[in-house]
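A note on names: the letters A, B, ... follow the listed sequences, proteins ahead of strands, and every chain is numbered from 1. Basis for what follows: all heavy atoms, side chains included, without hydrogens, waters or symmetry-related copies.
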Amino acid sequence: MGIHGLSKVIADNAPAALKEVPIKACFGRKVAVDASMSIYQFLIAVRQQDGMQLTNEAGETTSHLMGMLYRTIRMFENGIKPVYVFDGKPPDMKSNELKKRGVKREGAEKAAAAAEETGDTENFDKFSRRTVKVTKEHNDDCKKLLKLMGVPYIEAPCEAEAQCAILAKSGKVYAAGSEDMDTLTFGTPVLMRHLTFSEARKMPVVEIELAKVLEGLEMTMDQFIDMCILLGCDYCDSIKGIGPTRAVSLIKEHKNIETILEKLDSKKYPAPEDWPYQAARELFRAPNVTKAEELDVKWEAPDEEGVVAYLVGEKGFNEDRVRSAIQKLIKTRTGTTQGRLGDYFKPVEKPAGSTSAAKRKMDAKAASGSAKKKGGSFMKKK
DNA sequence: ACTCTGTCTCGAGACGCC
DNA sequence: TGAGACAGAGT
DNA sequence: GGCGTCC
């Protein structure tokens with residue numbers, strides 16, 4: 001998934017585009033998050049010692065709900081307001097890629113079954129994680145939970161990453177929150193990575209600014225898209241023998257794939273047969289998305305009893321834990337907690353023109369960074 | 001020397017008690 | 001699925 | 001922070 005090696009290309013060629021963001025500087029931001037990707041990660045990671053997913057008594061998986069509940073609350077505690085974006089129908093061009101994944105998954109399923117047969121828990125654990133597939137049920141479970149939590153979600157017509165990018169472009173949200181670098185290729189002005197606020201694994205939130213990526217690479221957006229296709233995307237093959245280094249220099253020299261194909265020695269570097277790079281390019285330039293203006297994104301009060309009825313009543317969660325989790329969520333919306341964090345609230349989510357709060361206690365680097373962003377794209381707050 | 005490919009490895013959530 | 005380390009082949 | 005537990 002994503003663009004092969006793009007994150008390294010950016011780190012090497014446009015380091016100024018990358019910025020570690022202090023957690024406090026995230027406060028008040030709205031972020032579009034790829035729901036299916038999150039669910040996928042939870043299904044892989046949330047396991048018990050024997051490698052089995054968490055389930056209720058009926059045997060229904062609950063790993064994804066567990067992850068979604070706690071991560072979402074943790075985001076709110078840090079002032080991040082997520083809007084989750086669910087995948088729609090994948091584009092036809094992705095079917096090759098999806099087929100490959102399906103084949104790999106089948107292999108993993110056999111290996112996992114064999115390991116389970118022989119009681120080899122280590123290998124069962126290893127292979128069963130590779131069999132993970134996000135189903136409609138997983139998605140529906142999470143939509144139900146999000147609705148009860150008062151967290152908005154969007155059903156994208158096609159790729160969630162593209163929809164996230166549009167939301168960020170329009171200013172409905174500040175950034176796309178994703179690990180997937182192709183969100184940049186879809187044109188999100190800001191990509192936030194490692195947006196988990198995990199205490200244990202201390203991974204700093206990293207912001208990538210598209211404008212600075214292009215600046216560092218000295219490319220236009222169209223050139224950047226062509227470079228991403230050369231690096232390797234989900235939609236078509238790339239040219240054998242062209243890796244990150246040559247991809248960057250070829251685009252810089254020739255500006256687009258058409259010219260590269262003219263100039264490149266096709267004996268040394270033959271392009272794939274019937275290479276549909278133009279169609280891939282079109283998917284990045286004009287992806288199938290719902291216009292941001294047509295979307296209503298609102299964060300509402302959580303329905304505590306509803307969440308309890310669902311997670312405790314249906315899914316076997318511990319009631320005390322769920323209630324205290326929801327209390328945390330409620331607290332971040334109203335009351336004293338917001339006051340305490342208010343220092344960081346204004347500078348980030350400003351209505352047009354209020355610069356009064358520009359003063360805060362952050363290190364100079366961070367301060368200049370967010371001050372700049374502030375001027376960019378923001379919507380009125382509700 | 002540099003670049004790319006292939007193959008291998010590992011890790012992939014979050015909480016709370018200690 | 002990706003990201004890093006490595007060996008090996010190609011330019 | 002490490003480690004057992006969540007369901």
Problem set entry | Set of side-chain hydrogen bond (donor to acceptor under 3.5 Å, both in side chains) partners for Thr62(A), sequence neighbours left out |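 Residues passing side-chain hydrogen bond (donor to acceptor under 3.5 Å, both in side chains) with Thr62(A): none at all.
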Exercise. For Glu161(A), which residues count as a side-chain hydrogen bond (donor to acceptor under 3.5 Å, both in side chains) partner, sequence neighbours excluded?
Worked result: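 Scan of Glu161(A) (side-chain hydrogen bond (donor to acceptor under 3.5 Å, both in side chains), adjacent residues dropped) gives Ser178(A), Thr183(A).
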For this session: Quick one: list whatever passes side-chain contact (heavy atoms from CB on, under 4.5 Å) with Met203(A), sequence neighbours left out.
Result: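 If we apply the side-chain contact (heavy atoms from CB on, under 4.5 Å) test to Met203(A), skipping adjacent residues, the hits are His194(A).
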Problem set entry | Partner set under side-chain contact (heavy atoms from CB on, under 4.5 Å) for Leu261(A), not counting sequence neighbours |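 Leu261(A) satisfies side-chain contact (heavy atoms from CB on, under 4.5 Å) with Ile239(A), Ile257(A), Ala271(A), Trp275(A), Tyr277(A) once adjacent residues are dropped.
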For this session: Name the nucleic acid region contacted by Thr196(A), choosing base, sugar-phosphate or nothing; use a 4.0 angstrom heavy-atom cut-off, strictly under.
Result: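 Thr196(A): backbone/sugar contact only, no base atoms under 4.0 Å.
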For this session: Describe the nucleic acid contact of Arg129(A) in one word from base, sugar-phosphate, nothing, applying a heavy-atom distance below 4.0 Å.
Result: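 Since a base atom lies under 4.0 Å of Arg129(A), the category is base.
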Donor-acceptor check, side chain of [X] to backbone of [Y], threshold 3.5 angstrom: yes or no?
{"X": "Arg246(A)", "Y": "Gly241(A)", "result": "yes"}
{"X": "Lys255(A)", "Y": "Lys252(A)", "result": "yes"}
{"X": "Trp299(A)", "Y": "Val83(A)", "result": "no"}
{"X": "Gln163(A)", "Y": "Thr290(A)", "result": "yes"}
{"X": "Ser63(A)", "Y": "Leu54(A)", "result": "yes"}

Which value, in whole Å, describes the distance between the [atom1] atoms of nucleotides [N] and [M]?
{"N": "dG2(D)", "M": "dG11(B)", "atom1": "P", "result": "13 Å"}
{"N": "dC10(B)", "M": "dT5(D)", "atom1": "P", "result": "25 Å"}
{"N": "dG4(C)", "M": "dG13(B)", "atom1": "C1'", "result": "22 Å"}

In whole Å, what is the span from the [atom1] atom of [X] to the [atom2] atom of [N]?
{"X": "Ile3(A)", "N": "dT1(C)", "atom1": "CD1", "atom2": "C1'", "value": "14 Å"}
{"X": "Arg101(A)", "N": "dG2(C)", "atom1": "CZ", "atom2": "C1'", "value": "12 Å"}
{"X": "Ile39(A)", "N": "dT1(C)", "atom1": "CD1", "atom2": "C1'", "value": "17 Å"}
{"X": "Leu231(A)", "N": "dG2(C)", "atom1": "CG", "atom2": "C1'", "value": "15 Å"}

For this session: Mind running a 4.0 Å heavy-atom check of residues 136-149 of chain A against DNA chain D and sending the residues that fall below it, in number order?
Result: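 Residues of residues 136-149 of chain A that come under 4.0 Å of DNA chain D do not exist, since none gets that close.
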Problem set entry | Residue pairs passing the salt bridge (charged side-chain N to carboxylate O under 4.0 Å, His left out) test where at least one lies in residues 32-57 of chain A, sequence neighbours excluded |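 Salt bridge (charged side-chain N to carboxylate O under 4.0 Å, His left out) check on residues 32-57 of chain A returns no pairs.
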For this session: Can you tell me which residue pairs pass the salt bridge (charged side-chain N to carboxylate O under 4.0 Å, His left out) test with a partner in residues 180-192 of chain A, sequence neighbours excluded?
Result: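 Passing the test, one end in residues 180-192 of chain A: no pairs.
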For this session: Starting at NZ of Lys133(A), measure out to OG of Ser36(A) and round the result to the nearest 0.5 Å.
Result: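 If we round to the nearest 0.5 Å, Lys133(A):NZ and Ser36(A):OG are 10.5 Å apart.
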Look for any protein N or O under 3.5 Å of an N or O in nucleotides 8-11 of chain C and output each such pair with its distance, or none.
| residue | atom | partner | partner atom | Å |
| --- | --- | --- | --- | --- |
| dT11(C) | O3' | Lys268(A) | NZ | 3.3 |

Polar-atom pairs under 3.5 Å, protein N or O versus N or O of nucleotides 1-7 of chain D: list them with distances, or write none.
| residue | atom | partner | partner atom | Å |
| --- | --- | --- | --- | --- |
| dC6(D) | N4 | Arg47(A) | O | 2.8 |
| dC7(D) | OP1 | Asn318(A) | N | 2.9 |
| dC7(D) | O3' | Thr62(A) | OG1 | 3.0 |
| dC7(D) | O3' | Lys315(A) | O | 2.6 |
| dC7(D) | O2 | Thr55(A) | N | 3.1 |
| dC7(D) | O2 | Thr55(A) | O | 3.2 |

Problem set entry | Partner residues of Tyr235(A) under the ring pair (Phe, Tyr, Trp, His ring centres under 6.0 Å) criterion, sequence neighbours left out |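 Partners of Tyr235(A) under the ring pair (Phe, Tyr, Trp, His ring centres under 6.0 Å) test: Phe284(A).
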Problem set entry | Along DNA chain B, first and last positions that approach a heavy atom of chain A under 4.0 Å |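 Range of nucleotides touched by chain A: dT3(B) to dC15(B).
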For this session: For Ser238(A) and for Ile44(A), find the nucleotide of DNA chain B with the closest heavy atom, then tell me which residue's nucleotide is more 5'.
Result: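 Its nearest nucleotide lies further toward 5', so the answer is Ser238(A).
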For this session: Assign each of Arg130(A) and His4(A) to its nearest nucleotide of DNA chain B by heavy atoms, then name whichever residue's nucleotide is nearer the 5' end.
Result: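 Mapping each residue to its closest nucleotide by heavy atoms, the 5'-most match is His4(A).
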List, one per line, each side-chain donor-acceptor pair under 3.5 Å for residues 314-326 of chain A, sequence neighbours excluded.
| residue | atom | partner | partner atom | Å |
| --- | --- | --- | --- | --- |
| Glu314(A) | OE2 | Lys144(A) | NZ | 3.3 |
| Lys315(A) | NZ | Glu60(A) | OE1 | 3.2 |
| Asn318(A) | OD1 | Asp320(A) | N | 2.9 |
| Asn318(A) | OD1 | Arg321(A) | N | 2.9 |
| Glu319(A) | OE2 | Arg323(A) | NE | 2.9 |
| Glu319(A) | OE2 | Arg323(A) | NH2 | 3.1 |
| Arg323(A) | NH1 | Glu304(A) | OE2 | 2.8 |
| Arg323(A) | NH1 | Glu305(A) | OE2 | 3.0 |
| Arg323(A) | NH2 | Glu305(A) | OE1 | 3.2 |
| Ser324(A) | OG | Arg321(A) | O | 3.4 |

